[in-house]
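So the structure is just underneath, and the comments pick up after that.
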There are 2 protein chains.
Amino acid sequence: MGDYISMLKQNGLKTTFQRLYIMQVIDDYGHLDIDEIYSKVLLVHPSISLATIYKNILTLVEKKVIKEVPIEGKKSKYEILKQDHFHLICIECGSVEDCDYEELSGVVSSSSRHHHFLQKKVELSVYGYCKKCIDKINEKS
Amino acid sequence: MGDYISMLKQNGLKTTFQRLYIMQVIDDYGHLDIDEIYSKVLLVHPSISLATIYKNILTLVEKKVIKEVPIEGKKSKYEILKQDHFHLICIECGSVEDCDYEELSGVVSSSSRHHHFLQKKVELSVYGYCKKCIDKINEKS
DNA sequence: TGGAAATCAATAAAAATTATCCAAAAGGAA
DNA sequence: TTCCTTTTGGATAATTTTTATTGATTTCCA
Ligand SMILES: [Mn+2]
Ligand SMILES: [Mn+2]
Ligand SMILES: [Zn+2]
Ligand SMILES: [Zn+2]
C-alpha cells in the first residue's frame, strides 16, 4: 500500500475520495479493468459515475501514476506504476502475474539499439495457463 | 506474397474476393488496423461493408490465419501469421517494425517455466522512436 | 475563511463493435 | 454443368465502449 496522497500531489492532482479509492482498489487487486474498478468503487461510493472512472483512469495514466496493461481480445487492465516487469496472463482464468525482467531487459534494449530504435517502454506479455489452471485441468483427466 | 487460397482452404473457409483482398492488403502493408484495411479494400471493392471487415478479421484471427497486434492507446493492428517475432512501435509516426527473437525467446520461456506457467504465446512490443523519426527530430535542432 | 481552479455526476454524443436478416455466392455431389 | 447446402456479404439496427459537455460541488492555498 503506497502513499497515494503524495503520489497525487507530486503530479498536481487533487486528492478526492473517488480518485484515492480508485488507486486503492487497483493496488489491492494488482490488475483491474475499467469495469472491475467501477463495480468495486460503486460498493463504497454508490453515486460515482462510470464516466468519472474513465476520466480518472485517463489522467492517472497520463501522469504515470498508473499504467495500462493491454490484454489481447479483452479490455486493458490497469496497475499502480512500479518497477519494470512483465506479465504472465492466464487465458483460462484471466489472472495476471507479475514477473521480473532480470537478464531479459538487457537483451531487449540491445536489440532495440541494433535497429537504431530509441526505446522508451517495453511491453512483454506471456499468454498461457497458470499453475492453478494446469492443476485443475490435470485433475479432470 | 503467400498462397492465400490454400491458407483459407486448410481452415475450411471459402475464398471470396473480399476475404482474399483483406489478406492481400494486410500482407502488402505488413501491419494494418481495421480502418486502414477498410479504406484500402474500399478502393477496389466500393460496395464492401465495414461489418464485413470486422466479421472477416474475427474469423481469420480465430483460424490463426492472421494475428492481432495490440497497440497501447490505439486500435489493434493485424498481420499475416508468420514466424514468431516482436515489434518496434514508433510513438511518433505509428510505424511497426518486425524484429527477430533470437536469444530472447529462450530467456522468456525459461522464465515462464520457472513460474510453473504453461506458455502458449508471447507478445513483446517495444515503444519508442524509429530511426526515421529520430533523424527528423535531430534535423530541427 | 474566501475564491479560483479542479473535479464530480449526469447526461448527451460519438465511436467502436456486434447482431440480425435476407439475398448472393461458393463449392461439393450428381 | 446443374442442383443444393452452407457460408458469406451487405444493409442496417442494436449494443457496447469511450469521450465531451455542463452546471453543481469540492479541494486547497493564500
Ligand atoms: Mn503488473
Ligand atoms: Mn509483425
Ligand atoms: Zn489460470
Ligand atoms: Zn517513427
Side-chain angles (χ1 to χ4, degrees), chain A residues 3-26 32-63 65-66 68-78 94, chain B residues 3-26 32-63 65-66 68-78 94:
Chain A
D3 181 3
Y4 309 132
I5 297 181
S6 344
M7 295 171 73
L8 293 178
K9 281 209 175 132
Q10 279 171 24
N11 288 288
L13 296 175
K14 292 188 173 173
T15 65
T16 66
F17 174 82
Q18 292 87 336
R19 193 167 280 162
L20 282 173
Y21 202 72
I22 287 172
M23 295 175 69
Q24 175 87 65
V25 293
I26 294 177
L32 292 181
D33 68 26
I34 291 272
D35 299 323
E36 290 166 336
I37 296 166
Y38 180 49
S39 63
K40 288 186 196 307
V41 177
L42 258 187
L43 296 177
V44 300
H45 196 296
S47 75
I48 200 170
S49 157
L50 179 57
T52 300
I53 307 285
Y54 272 105
K55 226 181 317 181
N56 273 302
I57 291 296
L58 201 70
T59 45
L60 291 174
V61 168
E62 272 173 1
K63 296 299 173 75
V65 173
I66 65 175
E68 180 185 355
V69 180
I71 296 184
E72 247 174 70
K74 301 202 171 170
K75 287 199 185 182
S76 291
K77 300 207 171 202
Y78 299 88
Chain B
D3 181 2
Y4 309 131
I5 297 181
S6 344
M7 295 170 74
L8 293 178
K9 281 211 174 132
Q10 280 170 23
N11 289 288
L13 296 176
K14 293 187 173 174
T15 64
T16 65
F17 173 84
Q18 292 86 336
R19 193 166 279 163
L20 282 173
Y21 202 73
I22 287 172
M23 297 175 68
Q24 175 86 67
V25 293
I26 294 177
L32 291 181
D33 68 26
I34 292 273
D35 300 323
E36 291 166 336
I37 295 167
Y38 181 49
S39 64
K40 287 186 195 309
V41 177
L42 259 188
L43 296 177
V44 300
H45 197 295
S47 75
I48 200 170
S49 157
L50 179 56
T52 300
I53 306 285
Y54 272 104
K55 229 179 315 182
N56 273 300
I57 290 296
L58 201 71
T59 44
L60 290 174
V61 168
E62 271 174 2
K63 296 298 172 76
V65 174
I66 65 176
E68 181 185 355
V69 180
I71 297 184
E72 248 173 71
K74 301 205 172 169
K75 288 200 184 182
S76 290
K77 300 209 172 201
Y78 299 88

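Lettering of chains follows the sequences in order, A, B, ..., and the numbering in each one begins at 1. Excluded from the calculations below are hydrogen atoms, water molecules and symmetry mates; all remaining heavy atoms, backbone and side chain alike, are included.
Partner of B/Leu32 under the side chain to side chain contact (heavy atoms under 4.5 Å, CB included) criterion, out of B/Ile37, B/Ile66, B/Val69: B/Ile37 alone.
Shown here are the salt bridge (Lys or Arg N to Asp or Glu O under 4.0 Å) partners of B/Lys75, two or more places apart in sequence or in another chain: B/Asp35. For B/Ser76, the side chain to side chain donor-acceptor pair (under 3.5 Å) partners at least two apart in sequence or on another chain are B/Glu68. Applying the ring pair (Phe, Tyr, Trp, His ring centres under 6.0 Å) rule to A/Tyr21 yields the partners A/Phe17; only residues at least two apart in sequence or on another chain are considered. In this view, A/Ser47 and A/His45 satisfy the side chain to side chain contact (heavy atoms under 4.5 Å, CB included) rule, not counting sequence neighbours. Partners of B/Glu72 according to the side chain to side chain donor-acceptor pair (under 3.5 Å) rule, which considers only residues two or more places apart in sequence or in another chain, are A/Lys121. Not counting sequence neighbours, the partners of B/Lys74 by the side chain to side chain contact (heavy atoms under 4.5 Å, CB included) test are B/Ile71.
A donor-acceptor distance shorter than 3.5 angstrom exists from the side chain of B/Glu36 to the backbone of B/Asp33, with no hydrogens or angles considered.
Within the structure, no pair that satisfies the salt bridge (Lys or Arg N to Asp or Glu O under 4.0 Å) test touches residues 7-24 of chain B, not counting sequence neighbours. The salt bridge (Lys or Arg N to Asp or Glu O under 4.0 Å) analysis of residues 40-62 of chain A, with sequence neighbours excluded, yields no pairs.
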### Summary
Whether each nucleotide of nucleotides 20-30 of chain D has a protein heavy atom under 4.0 Å at its base (B), only at its sugar-phosphate (S) or at neither (-) is summarised, 5' to 3', as B------BS--
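Using a 4.0 Å cut-off on heavy atoms, the residues of residues 34-46 of chain A that approach DNA chain C are A/His45, listed by number.
Put simply, chain B comes within 4.0 Å of DNA chain C, heavy atom to any atom, from C/dA16 to C/dG27, going 5' to 3'.
Between the P atom of D/dA11 and the OH atom of B/Tyr54 lies a distance of 17 Å, rounded to the nearest Å. For the pair A/Leu50 CG and D/dT17 P, the computed distance is 10 Å after rounding to whole Å.
The overall bend of the helix from C/dT1-D/dA30 to C/dA30-D/dT1, read as the angle between its terminal helix axes built from five base pairs each, is 40° when rounded to 10 degrees.
With D/dG9, D/dG10, D/dT18 as the candidates, the nucleotide lying closest to the side chain of B/Ser49 is D/dG10.
Of the inter-residue distances, the one linking A/Leu13 atom CG with A/Leu20 atom CG reads 10.5 Å to the nearest 0.5 angstrom. Here the straight-line distance linking atom CD1 of B/Ile26 with atom NZ of B/Lys77 works out to 11.5 Å at 0.5 Å rounding. Within the model, atoms CG of A/Asn11 and OG1 of A/Thr59 stand 10.0 Å from one another, a figure rounded to the nearest 0.5 Å.
Contact check, B/Asn56 against D/dG9: a side-chain N or O comes under 4.0 Å of OP1 or OP2.
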